[in-house]
Amino acid sequence: MTSPATESGSARRPSAMGRVLRNQMRNIAPFATLIVLLVFFAVASPSFASLDNASNILTQISVTGIIAVGLTFVILCAEIDLSVAAIANATGILVAYLTLQESYVNIPNVPLPGWAAILVSLIACAALGVVNAFGVTRIGIPSFIMTLAMMQIGAGICALLVRGQIAYAVPDLVTTLGSGSIGGVPWLVIVLAVFLLAGHLVLTYTRFGRYVFMVGGNREAAEYSGVNVKLIIGSVMVISAVCSGVAGMLGVAHFGSAQQNEFDSYLLDAIAAVVVGGTSLFGGRGGIGNTIVGLCVLGVLNNGLDHIQIDSFLKILIRGLILLAALVINVYAQRLREETAAG
Amino acid sequence: MATADAPPLLELTGISKSFGGVAALRDVDFTLRAGEIHGLVGENGAGKSTLMKIIAGVHSDFDGRMAIDGSEVRFRSARDALAAGIGMVHQELSIVPDLSVAENVYLGHQPVNRAGLIDWPAMMEGARAQLKSLGIDVDPGERIGSLPIGLQQLIELARVLFSGARIVILDEPTSALSPPEVQILFEVLRRLRASGRGIIFISHFLDDILSISDTVTIFRNGRRVVTHATQGIDKGWVIERMIGGGHEELEESYVGAISLHSRPDAPVVLSARGLTLGRAFADVSLDVRAGEVLGIYGFMGCGQLELARALFGKVHASSGTLAIGGETRRLANTTDAKRRGIAFVPESRRAMLFHHEPVFKNVSIAVLDRISRLFVRPAEERAIAKGHVDSLNIRPGSVDIPLGSLSGGNQQKVALAKWLTHPPKVLVLSEPTRGMDVGAKDDVVQIVRALRDRGMGVVVVSTEPETVLSLADRILVMKKGRIVREFASETISKDRLLEAA
Ligand SMILES: Nc1ncnc2c1ncn2[C@@H]1O[C@H](COP(=O)(O)OP(=O)(O)OP(=O)(O)O)[C@@H](O)[C@H]1O
Ligand SMILES: [Mg+2]
């Protein structure tokens, strides 16, 4: 939106500035939060503000970040995907299951060549996304419920494949991208950057991206404009599943092992990153830029709390509180917009 | 003060308001007395809704003074205004679609029992009784979003009318109502007036304004032109002050006979046979011909809105067939309908437009698949939108401002504009002139005629007899879900049309 308010005698009308602020609340608040956290931790801990640590933070947010890219599409459409972590876990385990393991790993697995293992895993996670899409658009199950069921299905797949064991080996390409680095830059961070960039380009410059925003902004109006709303919503569910699948494979390589429940904390983190960044839970507002800021807030918070010797149980609570604050701002920003734009 | 009169119920002096440097109201004075129905008229974008929103506390940032019962007030929020006894029905429905009818009637002031919990039985009963006095017979437990828009509008009215507000503001309350409901509403307004409340009534139906109000205020370009007692003024007088002289043709209110010019020989572009959908409509057969405007008239709730949606693939008839250009087809969805050359503008702006998005995106959404394969082309979108904005005279003329900052009537024009880039074969318009001022209505008539003359088949669905009469070449009358009458190649008057419904 343009901001026509600035030149019009802001001395007489102090709230003209206020209106711009109110409209931009969802973009400003996360950014301000990030700055405050950075300053706080830099002051509180001498070890925080270093180049090494910055690289640490980036690596730490990478897996979450790749999931969050797909989730951004879903939330922009005013839907939700609760199965991201489960799909990541299942895909990560699957790719290990399809790789030759060391002899001490006691899993009756099916080794394939590396490229085939990766391909099958990608198809598998896309298929899970298609199931989500089918349930939401064809059967009409609310995405919240549908993906809750998929969460359980993903956990079931994991359980069946590894049966309580741990697998270690994954295809070489996955190992490199997940744990290698080039010129000091971890491949994982590069992959994250590529996903963020691709997500941003698709959302901002393509017709599909425009439809995502319009469907999220007003689904009924999109339908009356001849947009195939079900196709768009189905697509974002698949995109989300594929992002999760990639994150799952690389995550397994990054952690060095594939096992049940490995990704459990990533569901909350990914949703938090998107929402803390300011993408509207009601759809239609936000984007990858917001998600980047949200990821940084989350990354800085998680990493910073480690630097300032704090009770690790308190840490969990603090994260919860920050997430709550972000939700409040998110909903509040929506309401402010509605009031200013009431026409 | 020397006068013995009590101070007026509401008095506004020197009100000015601008949005980002653009003045919407300039130095407006306005007075509302107790026991008065005050009609407010003016072109689209004249500032009527803005003034009302100031009164109702929605816009708290303005210049000028406002006094209630002679003492100055300054509302910071809509809640403040509500507490001071000001109730407003907004031009855009503000019901909560997912709540029940009863919850919507009592929105914000639900009755509570002694335990502090919502008193559901009282709420259901109260809602039922209130709606009954408006002549509405609905189940208060029903989800309001599933009701037809006219009913929703009545229910929203009920909420404000019965909230006990001393000042009641109605911003175009009758736009979705059919004549019998308008009469019921007027009855209620007269009762409220008799009980000493002050009522402000905004409408583009000048006949309604002249028949219900005691005083009329005319707005133009953000200024109050004149305030006059309703007695002794007529429609021509009002129009002249609203938009200037030389518009005599707009005054005709279709009381006289109109002759219809149907084209029975023109090719049929869309035809329906025996369409039936649940309780909405049954056994509807009709032909839409190229170069002809088919009007479908009926009272609110007679099934015409659902029928229009069925023609666009938004809802699916349970039986019957549709043929497009002679080919029998089942429309899978709206995308399918659009691809086959059918376009639809629904009666509700909220259902058609993206409030927070700029005007150009609202226009281009319907043509994106034509102007871009993979990447969007904002420059081209802007150019297309600008063309429509200029030719439809949409104000303000910028395509980059958010749609929500346009006045109601101008939003309606945007809704029409989006289909005009690549003219469809069949254009289905539901209530195309709702919320438009007399001049803009005339613009729409001209646009639709131009499209028709280029060979488009147009369907106009409306509960306003004037709309149908001014546009249609052939008229079907619907009643309780069935087509009961066809008028073609004959002369017809408003009275005969109303009679048939
Ligand atoms: N929230 C807003 N932001 C910016 N401009 C606005 C906003 N609301 C209204 N305007 C502008 O103020 C002017 C007056 O609008 P208003 O809605 O009061 O018109 P109106 O008389 O109610 O018209 P209509 O009959 O079409 O409803 C218009 O030019 C409109 O574009
Ligand atoms: Mg208005």
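Below, chain A is the first sequence line, B the second, and so on; all start at residue 1.
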(message) At a 4.5 Å cut-off on heavy atoms, which part of Phe344(B) comes close to chain A: side chain, backbone, both, or neither?
(response) both
(message) Salt bridge or not between Glu223(A) and Lys230(A)? Use side-chain N to carboxylate O under 4.0 Å.
(response) no
(request) Could you tell me which portion of Ser348(B) (side chain, backbone, both or neither) has an atom closer than 4.5 angstrom to a non-hydrogen atom of chain A? (result) neither
(request) Against chain A, label Leu353(B) side chain, backbone, both or neither, depending on which of its atoms sit under 4.5 Å from a heavy atom there. (result) backbone
(request) Look at the side chain of Arg219(A) and the backbone N and O of Cys77(A), then say whether any donor-acceptor pair between them is shorter than 3.5 Å. (result) yes
(request) Please determine if Glu43(B) and Lys48(B) form a salt bridge, counting it only when a charged side-chain N lies under 4.0 Å from a carboxylate O. (result) no
(request) Could you look at Ala351(B) and say if it's the side chain, the backbone, both or neither that has a heavy atom under 4.5 Å from chain A? (result) both
(request) Give, as side chain, backbone, both or neither, the part of Asp336(B) having an atom under 4.5 angstrom from any heavy atom of chain A. (result) neither
(request) Could you tell me which portion of Arg373(B) (side chain, backbone, both or neither) has an atom closer than 4.5 angstrom to a non-hydrogen atom of chain A? (result) backbone
(message) For chain B, which candidate among Val229(A), Leu231(A), Asn228(A) shows the most heavy-atom pairs at distances under 4.5 Å?
(response) Asn228(A)
(message) Tell me whether the count of non-hydrogen atoms from other residues, nucleotides or ligands lying under 6.0 Å of CZ in Arg74(B) goes above 12.
(response) yes
(message) Under a 3.5 Å distance rule, please check whether Asn218(A) uses its side chain to pair with a backbone N or O of Met214(A) as donor and acceptor.
(response) no
(request) Spell out, as yes or no, whether a donor-acceptor pair under 3.5 Å connects the side chain of Ser18(B) to the backbone of Ala24(B). (result) no
(request) Heavy-atom distances under 4.5 Å only: say whether Arg210(A) touches chain B with side chain, backbone, both or neither. (result) side chain
(message) For Ser372(B), which atoms come within 4.5 Å of any heavy atom of chain A: side chain, backbone, both, or neither?
(response) both
(message) Below 30° counts as parallel, above 60° as perpendicular, anything between as tilted: where do the rings of Phe19(B) and His59(B) land?
(response) perpendicular
(message) Looking only at heavy atoms and a cut-off of under 4.5 Å, which of Arg339(B), His90(B), Lys314(B) has the most pairs with chain A?
(response) Lys314(B)
(request) Check each atom of Pro346(B) against the heavy atoms of chain A and say whether the ones under 4.5 Å are side chain, backbone, both or neither. (result) side chain
(message) Main chain of Arg395(B), side chain of Asn410(B): is a donor-acceptor contact present, judged purely on distance under 3.5 Å?
(response) yes
(request) Report the option among Gly217(A), Ala221(A), Ala222(A) that has the most heavy-atom pairs separated by less than 4.5 Å from atoms of chain B. (result) Ala221(A)
